[in-house]
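Keep in mind that what you see is a predicted model, and the values were worked out from it rather than measured. So you know, we letter chains A, B, ... as the sequences are listed, proteins then strands, and number each from 1.
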There are 2 protein chains.
Amino acid sequence: MAATIKDIAKKTGLGLATISKYLNGGNVLEENRLAIEEAIKELDFRVNEFARGLKTSKSKTIGVVIPELSNLFFTSIITIIEDILRQKGYGILVCDCRTDEKLEYEATEFLVNKMVDGIISMPVSKDGTHLKLPLSKGIPVVLIDRKVEGLNVDAVLVDNVSASEAAVEYLIDHGHREIGIICGPKDIFTSHQRQLGYTQAFVKKGMFPRQELIRYGEYTVESGYACFKELISQHKSLSALFVTNYELTLGAIIAINELGIKMPEQISVIGFDNMHLAKVVKPRLTIISQPIQEIAENVARIMLKRLLQERVDEAEIINLSTKLILGESVLEKSLE
Amino acid sequence: MAATIKDIAKKTGLGLATISKYLNGGNVLEENRLAIEEAIKELDFRVNEFARGLKTSKSKTIGVVIPELSNLFFTSIITIIEDILRQKGYGILVCDCRTDEKLEYEATEFLVNKMVDGIISMPVSKDGTHLKLPLSKGIPVVLIDRKVEGLNVDAVLVDNVSASEAAVEYLIDHGHREIGIICGPKDIFTSHQRQLGYTQAFVKKGMFPRQELIRYGEYTVESGYACFKELISQHKSLSALFVTNYELTLGAIIAINELGIKMPEQISVIGFDNMHLAKVVKPRLTIISQPIQEIAENVARIMLKRLLQERVDEAEIINLSTKLILGESVLEKSLE
DNA sequence: ACTATAAGGCGAAACGTTTCGCCCTCTATA
DNA sequence: TATAGAGGGCGAAACGTTTCGCCTTATAGT
């Protein structure tokens, strides 16, 4: 049915090996090159990737396992990675594991069976059990955003502790003492890190963080909305709020707006992730901005590096820092 | 290196054909079945999908081409589709074409070269040029959300005209006359449909829609925010607003909140897409809700159907209807 | 003029499945 | 007892590449 390199060979009068060499970027006589190209066009020849894969054991496909496909932070990163990898001929096979460890394990095994050349994972599982299989098969793994302890694997991280610490310190420096924080799920790496930064900022300033001002939710809009309402109803004197993810921030903002609470007069807010939100909310939100582009580029770069070299040297751990982008949502509070 | 069926055959003393039969669900003596299963476990055997694909010409992979991976409506659908297809052994290869026709074309060709068994597309191109290639190769195509004229292809659509008409009619019935609408890009199918419904509602009621109350933007939060601000600044007397996509709605709500405009007292609002937003905003938003689950299920079902049967009969066009979900964001306005 | 070297071309074998056509064995029926 | 048919098993060929080792020709150096 479809044309094969045999057809091209027949049509051009050249040998199989020559056609193959051409296809793989080898040197071929100018004259032959033209003949081959013409034949390819004419017969609408496309390399059969099954056959190629069978010989080379390469699928030119990268598996991606993420907790939620509906989380904007994740998809923003994936989009960029996909872009870069596609230009190098790689496709991405995406699996959403719904923040479920078992599904994450199954998805990873599924991808390995689908012969992916590499795996990009934003791990849910704490110990990275799901990565044992690909690693044992020599399939390169690059982690995003969440580190797995005791696993010598490339990772692109964001310094969440410092990010969080900087935000809270900034609030403290502006005279705030009753600072609430809305975190994601308790057992997620980044969530924990951000809470840690909150605590550290207080400690650093010689104060004690108050546990009752810490709220854990899901990384969703609803959760941000609900957490803030609960927090403010129990602590009317709250003077500042730090929200640790885009969706949570969105929810909190909606709640603040709706309750008619003036920002920053009545409450100062620092949000998370430099996306639509900060550009849109008035007064402009002060936010912790994660370097999405940089994260994606590093992940893609490291993955491509691993795909080329088989000699596996030391894992590359990139720790990117966030930026505190000043808006007008934090008020200087004079301490009386 | 890795075990092959030859190894399984050797280990069990059975023939190649028998192992293959077992792997593909054929009948095998109970005794042999156990032996094979043990050997598979022991050798950690996994079918080599390259070899299988070479013989069967099936990759068990579906290509997905979408305009934006950061659009929640799209990703919500994809998540569900992925879930269903994965259970049937299919993986999805995702390409984001950034609402660009040329990229869409390239992405589709890329997917065909990657030997996908089917393609799911939310088309950007009006005439569906990008689909010619897969169709000519007999690769099933299922369209989502946007129809392509003059192409006999399965599609799962939403009746956007009626949806929009219903929303606007509802507003008119509640006494509103100065009704603004914020649409997506002018040349996108759904955007056009929604604008059409707006116009039809007025015509049906014997009135004329006012062009100056129609705004076109991007399907983004910023755009919704900007469009609303512009609209309200030019039409202070606006009494109601219909926003035609999730991100746009989000932007508009933030703007309304920020301007201190009371909803629904000063402005009645109908939003789009039943996600976080409607659940969170107070007073509860009245919205047009698209049947995301149903869309995804239908797409997956049709795709699976096409993958099984080779006889291609008439294209299946599903037209799902939206629901108007009542909240408290629309005020009954007495006509004086 | 002769040789060394480089550039390019070539076919055969191999990658690991599936499937076709054929085989054997066992049971049921005449 | 003879025979048909079902159930299960088997090896060889084929799918379309890549790559190894070898061959031919052209060029450069002496």
So CG of A:Asn113 and CE of A:Met115: to nearest 0.5 Å the spacing works out to 7.5 Å
Sorted by number, residues from residues 9-23 of chain B placing a heavy atom under 4.0 Å from DNA chain D are B:Gly13, B:Leu14, B:Gly15, B:Ala17, B:Thr18, B:Lys21
First and last nt of DNA chain C near chain A, cut-off under 4.0 Å to heavy atoms, 5' to 3', are C:dG8 to C:dG16
- Message: Looking at A:Arg301 and A:Glu294, is there a salt bridge between them, counting it only when a charged N and a carboxylate O are closer than 4.0 Å?
- Response: no
Original post:
So what does A:Leu29 touch, heavy atoms closer than 4.0 Å: a base, only the sugar-phosphate, or nothing?
Top reply: sugar-phosphate
Expected list for residues 49-56 of chain A near DNA chain D, using heavy atoms below 4.0 Å, is A:Ala51, A:Arg52, A:Leu54, A:Lys55, A:Thr56
(message) Under a 3.5 Å distance rule, please check whether B:Asn48 uses its side chain to pair with a backbone N or O of B:Phe50 as donor and acceptor.
(response) yes
Sorted by chain and residue number, the side chain to side chain donor-acceptor pair (under 3.5 Å) partners of A:Glu38 (sequence neighbours excluded) come out as none
Residues at least two apart in sequence or cross-chain that pass side chain to side chain donor-acceptor pair (under 3.5 Å) with A:Ser70, listed by chain then number, are none
The salt bridge (charged side-chain N to carboxylate O under 4.0 Å, His left out) partners of B:Glu42 (sequence neighbours excluded) come to B:Lys11
Residue set satisfying salt bridge (charged side-chain N to carboxylate O under 4.0 Å, His left out) with B:Lys102, at least two apart, ordered chain then number -> B:Glu106
For residues 130-148 of chain B, the side-chain hydrogen bond (donor to acceptor under 3.5 Å, both in side chains) pairs (sequence neighbours left out) are B:Glu104-B:His130, B:Ser121-B:His130
Across all chains, not counting sequence neighbours, the salt bridge (charged side-chain N to carboxylate O under 4.0 Å, His left out) partners of A:Asp127 are none
Residues passing the salt bridge (charged side-chain N to carboxylate O under 4.0 Å, His left out) test with B:Asp154, sequence neighbours excluded, are B:Arg306
Axis-to-axis angle for the helix from C:dA1-D:dT30 to C:dA30-D:dT1, ends of five pairs each, to 10°, equals 30°
Is the shortest side-chain N to carboxylate O distance from B:Glu37 to B:Lys41 below 4.0 Å?
no
The side chain to side chain donor-acceptor pair (under 3.5 Å) partners of A:Asn71 (sequence neighbours excluded) come to none
